[in-house]
Each structure stands twice: as C-alpha cells, then as structure tokens.
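In what follows, chains carry the letters A, B, and so on, assigned in the order in which the sequence lines appear, proteins first and then strands, with residues in each chain numbered from 1.
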Number of protein chains: 2
Amino acid sequence: MPAARFQRRKEARPAEITQAAMEAFAEKGYDGTRVDDVAKRAGVSKGLLYLYFKTKEELFKAVIKSFVTPRISAFRSSVTDTDLSAEAFLRGPFLEFAKSIPKSPVRILVRLLVAEGPKHPDLTAYYWDNVASLGIDALRQIVEKGVRNGEFRESALNEFPQLLVTPVLFSVVWSIVFETHQSLDTDRLLESHIELVLAAIEIRHDEDDSR
Amino acid sequence: MPAARFQRRKEARPAEITQAAMEAFAEKGYDGTRVDDVAKRAGVSKGLLYLYFKTKEELFKAVIKSFVTPRISAFRSSVTDTDLSAEAFLRGPFLEFAKSIPKSPVRILVRLLVAEGPKHPDLTAYYWDNVASLGIDALRQIVEKGVRNGEFRESALNEFPQLLVTPVLFSVVWSIVFETHQSLDTDRLLESHIELVLAAIEIRHDEDDSR
DNA sequence: ACAATTGCTGACTCATTGGTCATTAAGGGC
DNA sequence: GCCCTTAATGACCAATGAGTCAGCAATTGT
C-alpha cells in the first residue's frame, strides 16, 4: 500500500503558500521569484497555488497584506493603551519597536514596496490607508500628548511626526543595500536619534540651566 | 538617392545608450525594462547596444556609475571649499543639496539600488566605496568643524553623521511609493529636520539662559 | 464497499526576451 | 570613384517562466 501522495488540506493551504511566498520574495524579490519555487517551498504543486491565487500579482498582494497589518495594529494599540509619559514611551516601547524593524522580516516589505510599488498602485493605496497613515497618526498622538503634558515644546514634530522614524527607514535600506559590505549598529543609531530629538524638544524643568 | 539609414557615431553611442537606459530603468525598473526598448529610445538597434555593453547587467552598472559619481564629488568639494560656518553651511548649501535630491533623477537610483542591489554585490560595493562612504565622510567633516569652532556640542552626530540625511532618504522613498496617493512637502520636512538637529546640538552663546 | 465529490497534480502551451551572427552599408584612405 | 574597414542592422535562436487543464486520487456520504 503506497504512502498517500498528498493530503487534502483546504484550510491550511493559503497560509502555507503565503508564508512560502514571503520567504521567496524576501530572497529574490518579486521578479526574481518563480511561482514554481513558491509552490515547492510550500510543498504543493504549481497548479494548486493557482487554485488559491488567481495570479502571481494577487499572491504578492496577499503576502504584503498578511504580514503588515498585524504589526501596525499592535503598535497602535500600544500607543493608545500606554500610561507612560510621552518621553518614557519614546525611550521605551517606541524605541524597542523601532529597533526590531530592521531585523525583522518586515524590512523585506520595504524592499518589495520600493521596487514593485510603482507597478501596483492599488497596493500602495492599500498600504497608505492601512499602514502608513495609521502609523503617522499614532506618532502624532505621542507627540501631542507630550506637548499637552508639558514635557515637550511645540516643534516641527507636530507637523512632521515622520521625523521620528526616518532613521528606521534609513536603517532598513542600509541593511538591504550594504548588508554584506558594511555593517551599521542600527540599535545605537536609533537610540542616538531619539536622544537628539528629545534634546531638541524637551522642556527641562529640573536641570541645571546655568552651566 | 536614399537618405542614409544611419550614421556611424562611435563616440556618442555609449552616452546616448546610457541616457536612454536611465530613463527606461527609471520608468520600469530593471526587470521591467526590455533591452529592445532601451535600444529604440536611443535610436539604435539592439545589436549595436550589445556591441557597447556585453550584457544587460553591465549596462545597468554603467548607468548607475555614470549618474551618481559626478553628484557626489560636487558635494564633497562644496564641503571642503566652503568658508561658511558649519551652521550656515547646513542651513544653506547642505539644505539645498538635500532638497534637490527627492526631485532629481537621482531618486531613481535609490529605487534601483534597493530593488536590485542584493542581486549585484559588486555594484553595491562600488556604491559604498565611491558614494556612500565619501558622503558620510563629508558630513562628518561638517559636524567636526562645527564642534571645533565652538558652534556645536559633541553629540551623536559625531558618531552617526548619517542622522543628517535620514529624512532625505525618507523623502525619496515616500515620493517613490506614494507619489500618486499622498503628497509630502519634502522641502519643509527637510528644513524642519535641520532646525530640530540644530536645536539639539547648537551652543547658544547669545541667548537668554535663565528663562 | 462503492460512488460522488473535489482537492490536487504535473506535463503542456505559448508569449516573451536576452543574446547572437550573417549581412549590409557608411565613410575614410588612396 | 572604388576599396576596405568596421559601425550598425534585424531576423533568428534558445531559454525561461506564467498560467492551463485533463485526469487522478484522497475524502466523504451512504
């Protein structure tokens, strides 16, 4: 009696394929990835993949969405739920979150989005609506809370909360491009940036002013 | 007498082809660009293109090199030649340079480098040696001059001069990804960043310290 | 046990495209 | 004006890879 050549596992397939695709895209980029490879990684045939995803492009979009949405919503609720001061939040949870990104698979998304974004306008629209604008919104909440509480002065950060995360993107791009040639201590870069920003906007009540 | 079907212009061809390729790569990315398209844009046959460039990849590398090298060396000499104070240089020439990047064709290079870099290790090595490290070096010179002259205090910028340009990269990536969906006033973002950084590191001799 | 259902396979098609090469003709030298 | 060198052409080849489909076999129902 021959071992079964496959099992029918309708429920599990999409997630398995998505996961495999993420890995493949991460290694080779969109164009560099063969649909057949994704299928092999997922342990299924190419035909089956096409049963769950109409085209390679649709698979690509599914990958992006499935990976990015959970992370951003986790970050947002950490912002709204915290009872830390704005400064403490920036030095603590925010910094941890920032540090984790250049090391996590999420960094791959940046590569994919930069490389393929222009070809998929609906994908970038989705990304704006469900990721970027929400993230910026959360950052603004932190800054405004700091101002409300008298921790921070009004500053450019009120208008451009993005300035809090520009080094995150920098770290990600650096690690993608120079990975093999030149290492960068992204943790310390990010810490330094927070220090710099805080030095600029903090209202120091309890510090020696006369130095 | 039939019009000549072509002219022989050995000298001019490489530059023409490189220029055409830059435009094509800018629009479609590396994989999305057909060699035949590049040839048509340049007004030559595909065969001729292969007479000047051995492969598509070699053409790609030639494009990157020809566009990026002049810009970086211009920036470097502006740093060494200036007699402005460090602060004035940052507010003036540096800011102008930064503002120009998200609007110039150079931003395309970022897309190409992020997307294709991992596939071409020798290219990223070249880029590191001849662009990135030189740029960082120039930035560090500015910061150190500021410290030497008593304009700036020692800060994280001494170790990570990159922090001066992270918003430039951010602006470039933003404009690539969200071009059509969401505009960003990159000029003001960059100005704000410089203000923020200066506020953090400036030693204010002539300011009310007792507030 | 048998049939009906349907998840799954993989060989096939067909369009696409990087790269080649035999041929053509422009233009300099005499 | 006529060679002769070589810049330039474009039809062609071989490979590749996205997407299809006819059939097969794991389950489910009875």
What's touching nucleotides 9-12 of chain D from the protein side, N or O pairs under 3.5 Å?
| unit_1 | atom_1 | unit_2 | atom_2 | d |
| --- | --- | --- | --- | --- |
| dT9(D) | OP2 | S45(B) | N | 2.8 |
| dT9(D) | OP2 | S45(B) | OG | 2.9 |
| dT9(D) | O5' | S45(B) | OG | 3.4 |

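Side-chain N/O atoms of Y52(A) include one lying less than 4.0 angstrom from OP1 or OP2 on dC8(C). Under 4.0 angstrom from either OP1 or OP2 of dA18(D) there lies at least one side-chain N or O belonging to R34(A).
Counting only distance, with no hydrogens or angles, the side chain of T166(B) and the backbone of Q162(B) share no donor-acceptor pair below 3.5 Å.
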For salt bridge (charged side-chain N to carboxylate O under 4.0 Å, His left out), just list the numbers for K61(A) and E57(A), CA-CA rounded to whole Å, side-chain angles, deciding distance to a tenth of an Å, and then say yes or no.
CA-CA 6 Å; K61(A) 292 177 187 172; E57(A) 181 174 340; 3.1 Å; yes

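Along DNA chain D, the nucleotide nearest E57(A) and the nucleotide nearest K10(B) are compared for position; the residue whose nucleotide lies closer to the 5' end is K10(B). Comparing V35(B) and Q7(B), the nucleotide of DNA chain C nearest to each residue sits closer to the 5' end for V35(B).
With values rounded to the nearest 0.5 angstrom, L109(A) atom CG is found 11.5 Å from F25(A) atom CZ. Atoms CZ and CD1, on F75(A) and I72(A) in that order, are 7.0 Å from each other to the nearest 0.5 Å.
Summarising the geometry, the separation between CD1 on I17(B) and P on dA7(D) is reported as 13 Å, rounded to the nearest angstrom. Rounded to whole angstrom, the span from the CZ atom of R9(B) across to the C1' atom of dT6(D) amounts to 16 Å. Atom CG in D31(A) sits about 16 Å away from atom P in dT16(D), given to the nearest Å. When the P atom of dA15(D) is taken as reference, atom CG of D36(A) falls 18 Å away, rounded to whole Å. Rounded to whole angstrom, the span from the CZ atom of R8(A) across to the P atom of dA26(D) amounts to 9 Å. As a whole-Å value, the separation of Y30(A) OH from dG17(D) P is 14 Å. Rounded to a whole Å, the CD atom of E16(B) is 13 Å from the C1' atom of dA8(D). Counting to the nearest Å, the P atom of dA18(D) and the NZ atom of K54(A) are 18 Å from each other.
Nearest to the side-chain atoms of Y50(A) among the listed nucleotides dA25(C), dT20(D), dT5(C) stands dT20(D). Of the listed nucleotides (dG19(D), dG18(C), dA26(D)), dG19(D) has the atom at the smallest distance from the side chain of K56(A).
Note that K65(B) lies in the cation-pi zone of Y126(B), set by a 6.0 Å cut-off to the ring centre and a 45° limit from the axis. A cation-pi arrangement, defined by a distance under 6.0 Å to the six-membered ring centre and an angle within 45 degrees of its axis, is present between K56(B) and Y30(B).
Between D31(B) and K119(B) a salt bridge is recorded (basic side-chain N to carboxylate O distance below 4.0 Å).
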